[in-house]
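Input: a single structure, listed below in structure tokens.
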Protein chains: 2
Amino acid sequence: MEKDKTRPESTLDLRVWIRLLDCAKMIEKRLRRNFEDQFGTTLPRFDIMATLDRAREGMRMGELSRALLVSNGNVTAIVRQLLDQGLVNSQPDPEDRRSAIVSLTPKGCDQFRVLAEAHHGWVREALADFSEENQQQLLALLTQLKSSIR
Amino acid sequence: MEKDKTRPESTLDLRVWIRLLDCAKMIEKRLRRNFEDQFGTTLPRFDIMATLDRAREGMRMGELSRALLVSNGNVTAIVRQLLDQGLVNSQPDPEDRRSAIVSLTPKGCDQFRVLAEAHHGWVREALADFSEENQQQLLALLTQLKSSIR
DNA sequence: GTCCATTCCTGCAAGCATAAAGTATTTTGC
DNA sequence: GCAAAATACTTTATGCTTGCAGGAATGGAC
């Protein structure tokens, strides 16, 4: 009924990619909606806070953009919002005046704890029907895939 | 050095989700850039054309937005661009005057052939270092994951 | 037939994302 | 020393995406 029978291998990579994208979009959409509905915030803001939480001594803007796989100008805009809300702190790098070092404020740290717990709960719930064994296999395959993408 | 040692299972789902998102973003970013650089078009426009290509008799706007997992207003804007370029056709549904039926024009069909071939080539190249056996396992797992997301 | 809820689509405002151009600073080459 | 290249970041223009408000058409309840 499909052309899979005639040349199944020729579309395997395409099907992998489409399914990967579908899964990511479905989960991401739910997370974004939950962040908006329950906390009035967004996934990108959470991503930045999560990255900063793992670097308590702070990070430079460029490090943030590379860690998050987003553009430089994008980080500028989102960090400014977090600054306005008093969730992060920005101070000039004493060793390089071009750079600013960004870090979570205590208030930002507290709020991140709450967000992170809710976020983990949403992910756990989304994957609840996907067995732990499957998750382990999937994680291993995705790790391999990530390092082989060129 | 990480807390993975104390409770590795408690973050498994989180790690699966983060890695899934990373892989999707890496590939999507390359595809978007290729579409822009080589054809001056975008991934969302291609997605709509690809969906319409599989429904030669046309689709309604709502069907498109559901198939693509995007919002209704979003489809409106992108379809209008394709209309302006003469790549798609829009005519009122004779059975329900609220609906418009959208389909590819011959010109849109021709252009899609070219885009689709290039797109497939990019995906194939991105996954070239990921073995066929791994791809099959990954596809199976993702298929299962997609149906178990709730 | 007449409301009324629902459905389908189209603006519209706000947020995220990119690329490219611009500013300031540091580093390099000489 | 100092001009040129490289780096860190911001700004700007453009495009995608969402949610919501609004208009038009449909379908029931009565």
Side-chain angles (χ1 to χ4, degrees), chain A residues 21 24-49 58-85 88 90-102, chain B residues 21-22 24-49 51 58-85 88 90-102:
Chain A
L21 189 58
K25 278 171 95 169
M26 287 170 70
I27 297 176
E28 187 178 5
K29 187 171 292 196
R30 289 187 28 160
L31 294 179
R32 173 169 38 210
R33 181 181 269 267
N34 285 339
F35 272 121
E36 177 63 36
D37 289 351
Q38 299 186 26
F39 296 102
T41 188
T42 65
L43 192 49
R45 292 203 261 264
F46 173 76
D47 285 340
I48 286 191
M49 294 179 76
M59 291 176 80
R60 291 181 303 170
M61 301 288 277
E63 294 179 297
L64 265 177
S65 82
R66 279 187 295 277
L68 294 172
L69 305 177
V70 299
S71 70
N72 233 333
N74 189 7
V75 174
T76 298
I78 300 180
V79 164
R80 184 174 38 233
Q81 298 175 350
L82 295 174
L83 273 170
D84 292 345
Q85 296 182 280
V88 304
S90 178
Q91 46 187 316
D93 183 342
E95 300 187 351
D96 187 339
R97 269 183 298 176
R98 291 171 302 181
S99 298
I101 294 186
V102 183
Chain B
L21 188 57
D22 271 356
K25 277 171 94 171
M26 288 170 67
I27 298 175
E28 187 177 5
K29 188 172 293 196
R30 289 186 29 160
L31 294 180
R32 173 170 37 208
R33 180 183 270 268
N34 286 339
F35 271 121
E36 177 62 36
D37 289 351
Q38 298 186 27
F39 296 102
T41 187
T42 65
L43 190 50
R45 292 203 262 262
F46 173 76
D47 284 341
I48 286 190
M49 293 177 77
T51 306
M59 291 176 80
R60 293 180 303 169
M61 302 288 277
E63 292 178 299
L64 264 177
S65 81
R66 278 187 295 276
L68 295 171
L69 305 177
V70 299
S71 70
N72 233 332
N74 190 6
V75 173
T76 298
I78 299 180
V79 163
R80 185 179 35 234
Q81 299 175 350
L82 296 175
L83 273 171
D84 291 345
Q85 295 181 280
V88 305
S90 178
Q91 48 186 317
D93 183 342
E95 299 189 351
D96 186 340
R97 269 183 296 175
R98 294 170 301 179
S99 299
I101 294 186
V102 183

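Chain letters run A, B, ... following the sequence lines, proteins first, then strands; residues in each count from 1. As the structure is a prediction and not an experimental result, all values here were calculated from the model.
Between the P atom of dT26(D) and the CG atom of D93(B) lies a distance of 9 Å, rounded to the nearest Å. Atom P of nucleotide dT12(D) and atom CG of N72(A) are separated by 16 Å, given to the nearest angstrom. Distance, R45(A) CZ to dA17(C) P: 11 Å, rounded to whole Å. The CD1 atom of I48(B) sits 13 Å away from the C1' atom of dG15(D) (whole-angstrom rounding). Counting to the nearest Å, the P atom of dC16(D) and the CG atom of L82(B) are 9 Å from each other. Per the geometry, CD1 belonging to I78(A) stands 15 Å off P belonging to dT11(D), to the nearest Å. The interatomic distance linking K29(B) (NZ) with dA19(C) (P) rounds to 7 Å, in whole Å. Counting to the nearest Å, the P atom of dT18(C) and the CZ atom of F35(B) are 18 Å from each other.
One finds a side-chain N or O of R80(B) lying less than 4.0 angstrom from the OP1 or OP2 phosphate oxygen of dG11(C). Between T42(B) and dC16(D) there is a side-chain polar atom (N or O) within less than 4.0 angstrom of OP1 or OP2. For R32(A), no side-chain nitrogen or oxygen approaches OP1 or OP2 of dG19(D) to under 4.0 Å. Note on S99(B): every side-chain N or O is 4.0 Å or more away from OP1 and OP2 of dT7(C). Here T76(A) does not reach the OP1 or OP2 of dT11(D): none of its side-chain N or O atoms lies under 4.0 Å away. For the OP1/OP2 pair of dT26(C) and a distance below 4.0 Å, the side-chain nitrogens and oxygens of R97(A) include at least one atom meeting the criterion. The side chain of N74(B) contributes no N or O atom lying less than 4.0 Å from OP1 or OP2 of dC16(D). In this structure, Q81(B) does not reach the dG15(D) phosphate: none of its side-chain N or O atoms is under 4.0 Å from OP1 or OP2.
Within the 4.0 angstrom heavy-atom criterion, base atoms lie near G73(A). Using a 4.0 Å heavy-atom distance criterion, R66(B) is classed as making no nucleic acid contact. The residue A100(A) sits close only to the backbone: its heavy atoms come under 4.0 Å of sugar-phosphate atoms, none of a base. Using a 4.0 Å heavy-atom distance criterion, D96(B) is classed as a sugar-phosphate-only contact. L43(B) comes within contact range of no nucleotide atom at all, as no heavy-atom separation falls under 4.0 Å. Looking at heavy-atom distances under 4.0 Å, L69(B) makes contact with sugar-phosphate atoms alone, never a base.
Atom-to-atom distance recorded for I78(A):CD1 and D47(A):CG is 8.5 Å, nearest 0.5 angstrom.
Between V75(A) and E36(A), the one whose closest nucleotide on DNA chain D sits nearer the 5' end is V75(A).
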(request) Please test E36(B) against T41(B) for side chain to side chain contact (heavy atoms under 4.5 Å, CB included), starting from the C-alpha separation and ending with a verdict. (result) CA-CA 5 Å; E36(B) 177 62 36; T41(B) 187; over 6 Å; no
(request) Under the side chain to side chain contact (heavy atoms under 4.5 Å, CB included) rule, what do S90(A) and L83(A) come out as? Steps first, then yes or no, please. (result) CA-CA 8 Å; S90(A) 178; L83(A) 273 170; 4.0 Å; yes
(request) Under the side chain to side chain contact (heavy atoms under 4.5 Å, CB included) rule, what do M61(B) and V102(B) come out as? Steps first, then yes or no, please. (result) CA-CA 7 Å; M61(B) 302 288 277; V102(B) 183; 3.6 Å; yes
(request) Using the side chain to side chain contact (heavy atoms under 4.5 Å, CB included) rule, take R32(A) and T42(A) through it: C-alpha gap first, then chi angles, then the decisive distance, then the call. (result) CA-CA 6 Å; R32(A) 173 169 38 210; T42(A) 65; over 6 Å; no
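Counting distance only, with no hydrogens placed and no angle test, the side-chain atoms of R98(A) and the base atoms of dT26(C) include no donor-acceptor pair under 3.5 Å.
Across all non-hydrogen atoms, the minimal contact from T51(B) to M59(B) is CG2-SD, 3.7 Å.
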